[in-house]
Structures are given as structure tokens and as C-alpha cells.
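Working notes for the structure below.
Reckoned from all heavy atoms, side chains included, excluding hydrogens, waters and symmetry mates. We're numbering straight along the sequence, starting at 1.
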Amino acid sequence: MKQELFINVSAAEIRAALTHEDVLVELLIDQPERASVVGNIYLGRVERVMKGLEAAFVDIGLARSGFLGLEAGRRHSEEGTVPVHEGETVLVQITKDAIDGKGVQLSRRLTLPGRYLVYAPTRDRVMVSRQIADETERKRLTELMAGIASPDEGFILRTAAEGASVEDLKADCDQIRDLWRGVTGSQSTSKVPACLYSDLDPILRVLRDYALNTVNTIYLDDPGAAASARAFCMKFMSGMEDRVKIHTGPQQMFEQFGIEDEIVRACERRVDLASGGGLVIETVEALTAIDVNTGRFDNASDLERVAFLTNCEAAEESARQIRLRNISGLIVVDFIHMEEGENWNKVLELFEKVANRDRNPTRILGVTEAGLVEVTRRRRREPLLNTMTHVCQSCGGIGRVKSLGAISIEILRALRREASITPPGELVVYAADNVANSLENNFGVQVDEIEDDFGRTIHLRSDEEYIGDNYDIVVE
């Protein structure tokens, strides 16, 4: 199994691309003006408690207050759970970046990530990543941690821990405990609000989280970044430093390996399948819908077989696109209808198998009565479309614009209204070039009728500052 990690470094942004058998499966983009703050720990102050929303808003020093669910905001004591109150100083961690104008999401269940472990100082249990499927290995790791963890602290064994020795785990544990002592030590001396812990810089964070033992090669296109990566690997990821390579050309790295083209396709509405079918991906505020369209299989002798083969292909590609585009929340996939329950089971098993490669928890909930497959994926950072695109000024984000005919008729109605109520003078219509041409060439008779009915002269003027259905009518 071939896996490669590509890290493109520039002053404007850092991009990391993970490929599986030369196919792009995950993309991370870090831009200074919208850098992720997930994982940062703050000392904040509760501003408001909204019991109706079961939430509190906490000032942590960012532009917007953070959102803390009341359940996540309770702390344990001998008497039971104690809710937060307004004015209280709290230690919180960001679990989700600000998205769509909403503030960051906070939790009081703090964690600190290492190479092999995630430290959970307020819990008292050891858990193993679900991506470590081998039960013998899960048991081995759990037994090793029993001799490392104290009774009052918790740990999560990350995917990278698979095959790790007791020395590896202990060294990682000691390093994270030192970080935690730094957080608690600065808590009493810091002025609220204050950031007590921030995660590694983007390049080192990518190495820690994505450069697993299954990654064969790590390419960087910046010599300085490559040197830092090797030094980090030598200190915290022994053996990985030999896999760090500097890309020197002949083309820019993302172009040479076809990643740039894949990024462009990941922003498109339609995704073609090898069979000739395709996926249509639409995101609205509440959910994302993926519609599967059939292709042509020459070796398929019946419709059920065509549907099954297309759905299998679509299941793999849907899971890849969800991960690549960082689509989160509720997702519904409209597969092609199949009659046989066994075929549905095989498609869902394949869908779940590919989705389980995603480090962001993804759940396949099953088929609804309407024949839709429901999926949920945890929302942690902005989707790729939010990073790569913005709302169209012409259509307002709906993906459709008014036809020239509809715009022209709307302007004709507005001309009649303005001609009847405005002071005497010539009426001038300012509009986009194609709209002005439509009024003159296709609706000239109607414009003349308005001039005759109201005794007003009308001028049509195109202006490059006007786009789509924007126009103005002024009296001169």
C-alpha cells in the first residue's frame, strides 16, 4: 500500500496533501488569516449563561465569544456536577473553529496530543483508536498503558501507536505531562483572557498527525521546512526522518504529482466516475446531498447489476470526496435504487470500509425509508469550499442567476413605475452590457411604448460596474 504526504510551503499558505495509491484522499490548507485554533487551551471568563440554549458564552480573547455547551461546562465535585455561572473563570479548549459567522466551540474536557497518545488529564480511563482494528494489538497497548497511566489520568492511544514499544509510549507520555504541567502552572499567573497552550506550527502538526508509519515518503518543497521536519522527526518520530525528501522539480510539486488538478476538481459540483456515471454534490446550510447518477457498464446484463456496480463505485468515491472536501454534519447519499437487500448490504459495507480510513469520525447510519443513506461526520474545521471559494456576487450563493429575459422584464416594470412618479426629465437605465443589449434588441418595442405612454425619453447605458441583475434608473 503506497501512501505519500506532500507539504507545499509558501508565505501565503501551507498546503498538505495525503495520497493513497496516487489518489488524493485528504487536503489541509492553513492560511495565516484563517489559521485553525482547534486544540488551543484558554483561560476565559463566562459572559452569559443561556439556560434556554443549554449553553454559555465565554470570552477567551478572540473576536467572538466561544460557545460552551452546559453539559461540557459542568465540572465534577464530591457533591455531584456543578454548572458554570456568569463571571466565573474557566479553563477551556477549542474543539471546533469558527464557521459561517459562528464563534468557536469550546469544551472543558481538555486533551493534549502527542505522537502516540492523547493525554486526557480529567479522565481516568485508557481508550484505543477505532482505526486500530486488531484485537490482539489493542489488548497489548492497553496492558502497556496500565503500567504507565496513573489512576487519575486518562489516555487515548492514537493510530500511530500501533506497534509502538513501551519505551515509545512512556517517552511520549512524559513529554505530554510536561506540557500539561506548563498549562496548570501558568493558570494562576495569567490575566484573563489568556491562551495557555497553542498547538504546533502547521508543518509540524501535519507531521505529528498525518505522517504515520504507513506513509512511505514525505515531500516538502522548501529546504528550510524540510530541515525542520527532519529535526522534528529525529526528536519525536524516530525513523521517519529518512522518509523526508526535498522536491526540486522540474515542475512545482503539486502540479507534477497531479494534486493541483485534483484540488480544482474537489471544488466542482459534479464528480465523474470511471463507469461513466457521476456524483452531484450540493451543500446547503443544514446538510450535504450526494446524488448518484448511473453510467454504462457493458458487461452488465440487467438493471440491478448496473445499479449495484455503479453504487459500489459511488460508495468509494463518496467516502473519498467527503474526506477530501472536509464535508461535515449531516450528509445524505441518494444511491441508485436496488431491489436486493444483499446488494445494499455490500454497498454499505464498502462505504463504511472506506469511510473508516478517515481520522475524523464518520458514521454510516443506514438506509432511510425513502431509500437515502444517512451519514454523519464531526465538524471540526471549515470545509474546503469555504477556504477555496466565496459566495457568487451575481447569484448570492444559490448557484443560479436570472435569465436575460426575466431581468429585462423586471426593468420594464420598474421603468413604468419610475416614469409615473419621478420628476420630469430623461430616464437613464444603467445595467450590465448584455442586459442593456437585451432591452434594446429584444424589448425595444416595449421601451418605445413606455416613452409614448408617459412622454419620457429613455436611454439605455451599459456600465462595466454592473453585473448580473444589478441595475439603476436615474432621472437626468
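- Between atom CZ of residue R377 and atom CG of residue D358 there is a gap of 4.0 Å, rounded to the nearest 0.5 Å.
- To the nearest 0.5 Å, the span separating CD on E352 from CZ on R363 amounts to 10.0 Å.
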Exercise. Please test D124 against D152 for side chain to side chain contact (heavy atoms under 4.5 Å, CB included), starting from the C-alpha separation and ending with a verdict.
Key: CA-CA 5 Å; D124 58 356; D152 59 344; 5.6 Å; no

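- Taking the side chain as every heavy atom from C-beta outward, N356 and R130 approach each other to under 4.5 Å.
- In summary, E282 and R269 engage in a salt bridge, as defined by a charged side-chain N under 4.0 Å from a carboxylate O.
- Taken to the nearest 0.5 Å, the CG atom of D134 stands 4.5 Å off from the OG1 atom of T136.
- N470 places no side-chain N or O within donor-acceptor distance of the main-chain N or O of Y466, the cut-off being under 3.5 Å.
- Judged purely by atom type and a 3.5 angstrom limit, R243 uses its side chain to pair as donor or acceptor with the backbone of V215.
- A side-chain contact (heavy atoms from CB on, under 4.5 Å) with R115 holds for exactly one of D172, D209, I176; it is D172.
- Applying the 6.0 Å contact sphere to CD of E464 captures no more than 12 heavy atoms from other residues, nucleotides or ligands.
- For the side-chain contact (heavy atoms from CB on, under 4.5 Å) test with L106, the passing option among I60, V90, T95 is I60; the others fail.
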Exercise. Go through the steps to decide whether L91 and L196 satisfy the test side chain to side chain contact (heavy atoms under 4.5 Å, CB included), and finish with yes or no.
Key: CA-CA 9 Å; L91 195 62; L196 304 185; 3.5 Å; yes

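- Contact check for L385 versus C267: side-chain heavy atoms found under the 4.5 Å cut-off.
- The shortest side-chain heavy-atom distance between L287 and I331 does not fall under the 4.5 Å cut-off.
- Nearest approach of L384 to A266, heavy atoms of both residues: CD2-CB, 3.7 Å.
- No more than 12 heavy atoms of other residues, nucleotides or ligands lie within 6.0 Å of CZ in R125, so this atom counts as exposed by the packing criterion.
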Quiz item: Can you list the steps and then say if R140 with E143 is a salt bridge (Lys or Arg N to Asp or Glu O under 4.0 Å)?
Solution: CA-CA 5 Å; R140 182 188 78 88; E143 290 174 349; over 6 Å; no

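- Using a 4.5 Å heavy-atom cutoff, the side chains of I203 and L220 are in contact.
- Salt-bridge formation is not detected for the pair E349/K346: no Lys NZ or Arg NE/NH1/NH2 atom is positioned less than 4.0 Å from an Asp or Glu carboxylate oxygen.
- Note: Y119 and W180 have perpendicular aromatic rings, judged against thresholds of 30 and 60 degrees for the angle between ring planes.
- Between I281 and R325 the shortest side-chain heavy-atom distance falls below 4.5 Å.
- When atom types are taken as modelled, the side chain of T389 and the backbone of N386 share no donor-acceptor pair closer than 3.5 angstrom.
- Two residues are said to be in side-chain contact when any heavy atoms from C-beta on lie closer than 4.5 Å; Y210 and L28 meet this criterion.
- Put simply, the side chain of R205 gets close to the backbone of L200: a donor and an acceptor are under 3.5 Å apart.
- Side-chain contact between V166 and I148 is present, with heavy atoms from C-beta onward closer than 4.5 Å.
- Judged by distance alone, the side chain of E86 and the main-chain N or O of V49 form a donor-acceptor pair under 3.5 Å.
- When atom types are taken as modelled, the side chain of R123 and the backbone of L110 share no donor-acceptor pair closer than 3.5 angstrom.
- When side chains are defined from C-beta on, I99 does not count as touching K102, because their heavy atoms never get closer than 4.5 Å.
- Here the closest non-hydrogen pair linking E241 and M237 is OE1-O, 3.7 Å.
- Ionic pairing of D199 and R208 is present here: one or more N-O contacts between side-chain nitrogen and carboxylate oxygen are shorter than 4.0 angstrom.
- How far CD of Q131 is from CZ of R357: 10.5 Å, rounded to the nearest 0.5 Å.
- Counting heavy atoms of neighbouring residues, nucleotides and ligands inside a 6.0 Å radius, atom CD of Q187 exceeds 12 of them.
- The aromatic rings of F257 and F6 sit tilted, their planes meeting at an angle between 30° and 60°.
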Practice problem: Could you check L169 against L141 for side chain to side chain contact (heavy atoms under 4.5 Å, CB included), going step by step and ending with a plain yes or no? | Solution: CA-CA 9 Å; L169 298 177; L141 291 171; 4.2 Å; yes

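- A side-chain donor from one of D168 and S165 sits under 3.5 Å from a side-chain acceptor of the other.
- Atom-to-atom distance recorded for K139:NZ and E137:CD is 12.5 Å, nearest 0.5 angstrom.
- Salt bridge status for R359 with E26: absent, with no side-chain N to carboxylate O gap under 4.0 Å.
- Donor-acceptor pairing under 3.5 Å is lacking for the side chains of T310 and S275.
- For the pair E262 and R265, the salt-bridge criterion is met [side-chain N within less than 4.0 Å of a carboxylate O].
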Quiz item: Can you list the steps and then say if L112 with I41 is a side chain to side chain contact (heavy atoms under 4.5 Å, CB included)?
Solution: CA-CA 9 Å; L112 286 174; I41 296 176; 3.9 Å; yes

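- When every heavy atom of I132 is checked against every heavy atom of E162, the shortest pair comes out as CD1-N, 4.0 Å.
- Between T362 and A355, the shortest heavy-atom contact is CG2-CB, 4.2 Å.
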Practice problem: Apply the test salt bridge (Lys or Arg N to Asp or Glu O under 4.0 Å) to residues R15 and E260: give CA-CA distance (whole Å), side-chain angles for both, the deciding distance (0.1 Å), then the verdict. | Solution: CA-CA 11 Å; R15 300 185 297 175; E260 212 68 73; 2.8 Å; yes

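- Listed here is the closest heavy atom pair of L207 and A229: CD1-CB, 3.5 Å.
- Q3 contributes no side-chain N or O that, together with a main-chain N or O of H20, makes up a donor-acceptor pair within less than 3.5 Å.
- Using modelled atom types and a 3.5 Å distance limit, the side chains of Q256 and Q251 yield no donor-acceptor pair.
- Distance alone, capped at 3.5 Å, places no donor-acceptor pair between the D30 side chain and the I14 backbone.
- Here the closest non-hydrogen pair linking C233 and M240 is SG-CB, 4.0 Å.
- Side-chain atoms of N8 never come within 3.5 Å of backbone atoms of D221 as a donor-acceptor pair (strictly under, hydrogens ignored).
- One distance of note links CG of D463 with CG of D472; it measures 9.5 Å at 0.5 Å rounding.
- Between the S107 side chain and the Q105 main chain, no donor and acceptor come within less than 3.5 Å of each other.
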